[in-house]
There are 2 protein chains.
Amino acid sequence: MNNSKPSIIIADDHPLLLKGLSDFLLEKGYNLLGSGTDGREAYNLITQKKPDIAILDIQMPYMSGIEIAQQCKGANISTKIVLITLHKEKELYQKAKELNIFGYILKEFALEEIENCIKTVKEGSPFFSEKIKEFIGVVQAEVSELDTLTPSEKKILKLIAQDKTNKEIASQLFISYRTVEKHRSNIITKLKIEPKTNSLLIWAKEHHDKLL
Amino acid sequence: MNNSKPSIIIADDHPLLLKGLSDFLLEKGYNLLGSGTDGREAYNLITQKKPDIAILDIQMPYMSGIEIAQQCKGANISTKIVLITLHKEKELYQKAKELNIFGYILKEFALEEIENCIKTVKEGSPFFSEKIKEFIGVVQAEVSELDTLTPSEKKILKLIAQDKTNKEIASQLFISYRTVEKHRSNIITKLKIEPKTNSLLIWAKEHHDKLL
DNA sequence: TATGAAATACGTGTTAACACGTAATTTTGT
DNA sequence: ACAAAATTACGTGTTAACACGTATTTCATA
């Protein structure tokens, strides 16, 4: 029986979540090699125990799930990473392909769906629920629109999202405030933002998570 | 043994959390009368089973933990409500005193702290961790500043937080846009907002959760 | 080297958001 | 009934954010 079940480590800084997941996996007979409560501990478990699958919370002290995935890729570790996320954190999905992240578990998943995920990942296929695929589609459309901006435009958009005025941005970048205005105008046109008072500030704040 | 342990119902729309909490309580020998995955189910459990304590997630489909607390108060139900929250949702703490909410469990709590909470609540005392007390203090300072605003000023501040321009607000409220400007000026003065471009819009968006 | 894109900066004009103020009317509380 | 607060609305002025445009320089690429 244990031969057909993947070995797994898990990590989450929320004790109730960790307990829920841990109990679930044990009850289902998975080979749970260990559990951690922060990113460093999780990474150590992965390197020491070399599990088939690591189920990690994205947001943890010391190292995020993403950072762990990055480190595992860099170290050629074959463990398949599955990330747990409460919210659909937009910027995080963009990294999926780059980092060999095999799947995402939304915290609202029914327990059976979590088992599906594990089985799919064990077979070597990535697991993305329809909801996540759809969401990635939306994010990619928004990101590709952002890709039409020049480097300077992106930089200025970021500063706008940080509540900087044109004068402040100009001063920070050692350019004329008239240049900042020009860039703003170009951004509004490229992103097809409705021409309305404060519309660029509002847009920038609503999309600040994509302006990394 | 069961005589000294309170009867409890729990509800959370996140299966892993619910499982974690449920398993924990059962392991500790609490008298778990039932568990629900949405607000309606939770409320039904409370009215049918009349537990000593109800541990409820704040955000659930159909009824929030807060709404359940409101209904219980209205119906003179003596069950003590404990709310589970992932984030420190500011507006929700304001209602604690009004609604006989006996405590908050942050999702990052260690399991022992959850048990402390339950014991304290069973003895009839409210349970607020130091972290939450401190946070409530900050929120109250901000809220009392908001209390210096007149009803009209508050209404306009809300609309500002909803991205409305002065013209739009004036049109919606059937007043002159010059009146809106005057109100804005008064708000900025009362809330001691730094006089800087877009500062009121920025402030309103950052504090929108308190503008209910 | 030539070309196109990006970056820079200005001209000119309009409007919305702000400041500081006055004042009348209405509402509220005692 | 009276006073204070709230609401309403205007006068006047400044400035920042926007629009639409021109133009030069720099950079990247073929």
Side-chain angles (χ1 to χ4, degrees), chain A residues 142-208 210-212, chain B residues 142-208 210-212:
Chain A
E142 286 178 347
V143 169
S144 66
E145 219 177 23
L146 267 179
D147 283 343
T148 65
L149 300 187
T150 67
S152 293
E153 286 162 356
K154 281 177 191 163
K155 194 184 302 180
I156 283 166
L157 189 54
K158 254 186 239 170
L159 291 171
I160 290 167
Q162 290 165 18
D163 304 330
K164 306 291 183 191
T165 62
N166 291 351
K167 285 258 176 78
E168 286 167 344
I169 293 167
S171 176
Q172 183 165 334
L173 301 183
F174 303 104
I175 54 176
S176 162
Y177 85 92
R178 293 306 313 279
T179 301
V180 176
E181 282 186 351
K182 185 69 192 173
H183 281 306
R184 289 181 73 125
S185 181
N186 292 338
I187 293 165
I188 288 167
T189 301
K190 285 182 183 179
L191 298 185
K192 301 186 196 81
I193 295 169
E194 184 196 354
K196 182 186 164 189
T197 300
N198 294 322
S199 56
L200 184 53
L201 172 62
I202 289 162
W203 192 97
K205 302 224 32 116
E206 277 169 9
H207 297 78
H208 78 276
K210 293 202 281 294
L211 308 174
L212 297 173
Chain B
E142 285 179 347
V143 169
S144 65
E145 217 177 25
L146 266 180
D147 282 342
T148 66
L149 300 187
T150 67
S152 294
E153 286 161 355
K154 282 177 191 162
K155 195 184 299 180
I156 283 165
L157 190 53
K158 253 187 239 168
L159 292 171
I160 291 168
Q162 289 164 19
D163 303 331
K164 306 293 182 189
T165 62
N166 291 351
K167 284 260 176 78
E168 286 167 343
I169 293 167
S171 178
Q172 185 166 333
L173 301 182
F174 304 103
I175 54 176
S176 161
Y177 86 92
R178 293 307 313 279
T179 300
V180 176
E181 282 185 353
K182 185 69 190 175
H183 281 306
R184 291 182 71 124
S185 180
N186 292 337
I187 292 166
I188 287 168
T189 300
K190 285 183 182 180
L191 298 185
K192 303 188 195 81
I193 295 169
E194 183 196 354
K196 182 187 165 189
T197 300
N198 292 322
S199 56
L200 185 52
L201 172 63
I202 289 162
W203 191 98
K205 308 253 338 155
E206 277 168 9
H207 296 78
H208 78 275
K210 293 202 279 293
L211 308 174
L212 298 173

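Chain letters run A, B, ... following the sequence lines, proteins first, then strands; residues in each count from 1.
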Is there a side-chain polar atom (N or O) of [X] under 4.0 Å from OP1 or OP2 of [N]?
X	N	value
A:Thr197	D:dA17	no
A:Lys182	C:dA7	no
B:Thr150	D:dT7	yes
B:His183	D:dT7	no
B:Asn166	C:dA16	no

ask   = Near B:Lys155 NZ, under 6.0 Å, is it more than 12 heavy atoms from other residues, nucleotides or ligands?
value = no

Any donor-acceptor pair under 3.5 Å from [X] side chain to [Y] backbone:
X	Y	value
A:Thr165	B:Thr197	no
B:Lys190	B:Thr148	yes
B:His208	B:Ala204	no
B:Ser171	B:Lys167	no

What's the [atom1]-[atom2] distance between [X] and [N], to the nearest Å?
X	N	atom1	atom2	result
A:Asn198	C:dA16	CG	C1'	8 Å
B:Lys154	D:dT7	NZ	P	10 Å
B:Glu153	D:dT7	CD	C1'	10 Å
B:Glu168	C:dT15	CD	C1'	14 Å
B:Ile156	D:dA9	CD1	P	10 Å
A:Lys196	C:dT14	NZ	C1'	19 Å
A:Ile160	D:dA16	CD1	C1'	13 Å
A:Leu201	D:dA17	CG	C1'	11 Å

query = How would you label the contact of B:Thr179 with the nucleic acid (heavy atoms, under 4.0 Å): base, sugar-phosphate, or nothing?
reply =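 The residue B:Thr179 makes base contact.
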
query = Between B:Glu181 and B:Pro151, who's closer to the 5' end of DNA chain D by nearest nucleotide?
reply =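 Residue closer to the 5' terminus by nearest nucleotide: B:Pro151.
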
inquiry  = Here's a test of your reading of the structure: between B:Leu149 and B:Ile175, which maps to the more 5' nucleotide of DNA chain D?
reply    =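 The residue whose closest nucleotide sits nearer the 5' end is B:Leu149.
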
key: Donor/acceptor link under 3.5 angstrom from B:Arg178 side chain onto base of C:dT22   =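 Donor-acceptor pair under 3.5 Å: no.
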
